[in-house]
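Start at 1 and go down the list; that is how both ligands and their atoms are numbered. Quick caveat, the model's predicted, so the values are computed rather than measured.
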Amino acid sequence: MSQTARQTTVQGPPLPNIPWEDRPTGSDAVLWRYSANPVIPHDLLPTSNSIFNSAVVPYQGGFAGVFRCDDTRRQMQIHAGKSADGLAWDIQPERIHWLPADPRAAEINAFEYAYDPRVTWIEDRYYITWCNGYHGPTIGVGYTYDFETFYQMDNAFLPFNRNGVLFPRRIGGKYAMLSRPSDNGHTPFGDITYSESPDMIHWGRHRYVMGVTGGWQSTKIGAGPVPIETDEGWLLIYHGVLTSCNGFVYSFGAALLDLDEPWKVLYRSEPYLLAPQAPYERTGDVPNVAFPCAALVDAETGRLAVYYGGADTVTCLAFGYAGEVVEFVKTHSRL
Ligand code: BMA
């Protein structure tokens, strides 16, 4: 624990080797893009059509992650990867093949499709949630210790659901997850909800967290990276969608959720933090998409590195200070 630039305390270990670039001279942006974006090109693998909406965590002094790699058949799959610096990635050419975590999980182990992973360390292992095809999209749950062998548990929910994001610790003694009940297509609605579980298998006590407001978050919203614990509340970076005459536009902003009862929203940014404006966010397989799935934070300095998908094609990075994001959300809030 330590103080960031604006006195917000971030809970967590120091991460001195967090990918980082200083704010460009003259800029007053709360989040700024990495000048060498995208960090992962669409064709890093010989078989990849696109690599985007991916999740990264600190691992053994470097970094590891789970990456959405749509292949040249346009199969949506997730692959494991490792990196020394969080920038240059070695991604496995084969998708993750899940071993059933228990005999009953074997019943749902057949692969349909997988996309938009999130990864978090809880207690003794790295948990992965993703959008898992099981007679419709729902929230897959699995874990790994080493990013080599992966175990699949039961899905958290019935279809249709997307954007399942675990909190990085138990809350009130229970595992906690945000999700976004939806339908089978390019859902034109979507609110963020909260559920808890004693065992990571049975989920209940569902609570409504927040829904759409206006502007960049007027069509649907969904949790992004694993929430970051601060002394002001859980810092939740989330995406919001606007429907233009040319289709959906995906931007992202942030909210602060109550530490003990995270379904209570304390503050929520009315302006976005980042909207598709760079060429690699505006042009690609799906234009006008900035879709965050992971954030690294150095509790010592408050430095924040957000990984997000650009235009459903590439993986990008944006930087900021957690304390400044908290301050921005508090001073630009509309619930
Ligand atoms: C959502 C998800 C995301 C994608 C976004 C924009 O419904 O499928 O993976 O980035 O649409 O196409």
Which of the ligand 1 atoms, numbered from 1, are nearer than 4.0 Å to a heavy atom of Asn53
3 (C), 4 (C), 9 (O), 10 (O)
In terms of atom number and element, which parts of ligand 1 are under 4.0 angstrom from non-hydrogen atoms of Val286?
12 (O)
All side-chain hydrogen bond (donor to acceptor under 3.5 Å, both in side chains) counterparts of Asp199, not counting sequence neighbours
Ser197, His202
Taking the six-membered ring for Trp, are Tyr307 and Trp89 parallel (under 30°), tilted (30 to 60°) or perpendicular (over 60°)?
perpendicular
Listed once per pair and sorted, the side-chain hydrogen bond (donor to acceptor under 3.5 Å, both in side chains) pairs that draw on residues 233-242, sequence neighbours left out
Gln217-Tyr238, Tyr238-Arg268
Check whether the side chains of Thr144 and Asp146 place a donor and an acceptor atom closer than 3.5 Å, and report yes or no.
yes
Do Tyr115 and Arg162 have side-chain N/O donor and acceptor atoms under 3.5 Å apart?
yes
How far is [atom] from the closest protein heavy atom, and which atom is that?
atom: atom 8 (O) of ligand 1; value: Tyr115 CE1, 3.8 Å
atom: atom 7 (O) of ligand 1; value: Tyr250 OH, 3.5 Å
atom: atom 12 (O) of ligand 1; value: Asp312 OD2, 2.6 Å
atom: atom 2 (C) of ligand 1; value: Asp116 OD2, 3.6 Å

Charged N-O contact under 4.0 Å between Glu229 and Arg169:
yes
Any non-hydrogen atom of Arg68 lying under 4.0 Å from ligand 1?
yes
